[in-house]
Trainee: 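This is the structure I want to talk about, given as structure tokens.
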Amino acid sequence: MRIVVHGGAGHTGEVQDGVETAADVGWKLLDEGADAISAAVATVVVLEDDSRFNAGTGACRRTDGSVQTDAAVACNDGRLGRAAALEDIANPVQVARLVMDEDFDALAGKGALDYARSRGITPAMVAGSEKPWAGDTVGAVAQDASGAIAVASSTGGVSGRPVGRVGDTPHWGGGLWTDAGIGIAATGIGEAISRRLLCFRVAQQVADGLSLAEALEWGLALYPADVCIGLIALSDSEGAGASNASMPWALRQD
Ligand code: ASP
């Protein structure tokens, strides 16, 4: 079993303690027998509830002052759930988790909010953060005792972006990827991540023989130094995190 957690590439605050707390929550759940999806989602909820991070309660504001969030959950059993441009939901990752069990895999905007409401999630005003965030998404990748791997991510996006902008966080293969023996989540400038299909391509490097750490470095090397990027990943035998900027991250494994 293992879990790796990040608190966003380019985070400038002292937030390592928040990531450690979230990792401990996820690890305890795995240790108690929880499945990878439950552990990854619960870990991200802890970070969404910590307003120092750009997700859930601490999500950054759009250019008009509104708050819209994106989230995604995927499992290497083939399930995928995504919610985009979601308003008035404190824990968007829980909406993505519900979508995972539907016969569609993504909802956006009003439809996502209506769906959340219909599934018993009570909307709540999310004021968002006034801090000038550059990013600072949150994410977790967990592997449970059965070997299943799940990825969960949540973000308020990147500051200065317009209403309706959707970043990489719910972009399958861009912001997250999981397949047999691998799970990857990205953070940083979403447009740069999506355009290079970053997580899928990093996973291909592992399939071609690179170690996890080497593959993450390969992914970072696709970018110039001023494009903030971070990655966390698990394989069947190891966990790793890497960024070209400061990125709080934590790993627990047995
Ligand atoms: N990747 C996220 C986005 O572009 C932001 C982040 O990772 O901090 O929406």
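First listed ligand is number 1; within each ligand, the first listed atom is number 1.
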Trainee: Considering the heavy atoms of V158, write down every atom of ligand 1 situated less than 4.0 Å from one of them.
Mentor: 3 (C), 4 (O), 5 (C)
Trainee: Considering only heavy atoms, does T137 approach ligand 1 within less than 4.0 Å through its side chain, its backbone, both, or neither?
Mentor: both
Trainee: May I have the step-by-step check of side-chain contact (heavy atoms from CB on, under 4.5 Å) for D17 and R52, ending in yes or no?
Mentor: CA-CA 11 Å; D17 64 299; R52 294 176 297 170; 3.0 Å; yes
Trainee: Measuring from the heavy atoms of G8, does anything fall under 4.0 Å of ligand 1?
Mentor: no
Trainee: For G190, is at least one N or O under 3.5 Å away from an N or O on ligand 1?
Mentor: yes
Trainee: Output yes when E20 and R252 qualify as a salt bridge under the 4.0 Å nitrogen-oxygen rule, no when they do not.
Mentor: yes
Trainee: Which of the numbered atoms in ligand 1 are below 4.0 angstrom from a heavy atom of T187?
Mentor: 6 (C), 7 (O), 8 (O)
Trainee: Under 3.5 Å between any N/O of E191 and any N/O of ligand 1: does that happen in this structure?
Mentor: no
Trainee: Between D114 and R117, does any NZ, NE, NH1 or NH2 come within less than 4.0 Å of an OD or OE carboxylate oxygen?
Mentor: yes
Trainee: Which ligand 1 atoms are under 4.0 Å away from a heavy-atom of T155?
Mentor: 2 (C), 5 (C), 9 (O)
Trainee: Is R62 salt-bridged to E87, going by a charged N under 4.0 Å from an acidic O?
Mentor: no
Trainee: Hey, could you give me each pair passing side chain to side chain donor-acceptor pair (under 3.5 Å) that has a residue in residues 208-220? Not counting sequence neighbours.
Mentor: S211-E214
Trainee: Output yes when the distance from some N or O of ligand 1 to some N or O of G167 is under 3.5 Å, and no in every other case.
Mentor: no
Trainee: Using the rule that two of Ile, Leu, Val, Met, Phe, Trp, Tyr join whenever any of their side-chain heavy atoms come within less than 4.5 Å, decide whether V206 and I193 are in one cluster.
Mentor: yes
Trainee: Got a sec, which pairs hit side chain to side chain donor-acceptor pair (under 3.5 Å) with one end in residues 169-181, sequence neighbours left out?
Mentor: H171-S194
Trainee: Picking from D35, L29, V73, what satisfies side-chain contact (heavy atoms from CB on, under 4.5 Å) with V41?
Mentor: V73
Trainee: For G157, counting its heavy atoms only, list the atoms of ligand 1 lying under 4.0 Å from any of them.
Mentor: 5 (C), 9 (O)
Trainee: Hey, is ligand 1 close enough to N54 that some N/O pair sits below 3.5 Å?
Mentor: no
Trainee: Any idea which atoms of ligand 1 are less than 4.0 Å away from a heavy-atom of D168?
Mentor: 1 (N), 2 (C), 3 (C), 4 (O)
Trainee: So between M247, R161, R165, whose heavy atom ends up nearest atom 4 (O) of ligand 1?
Mentor: R165
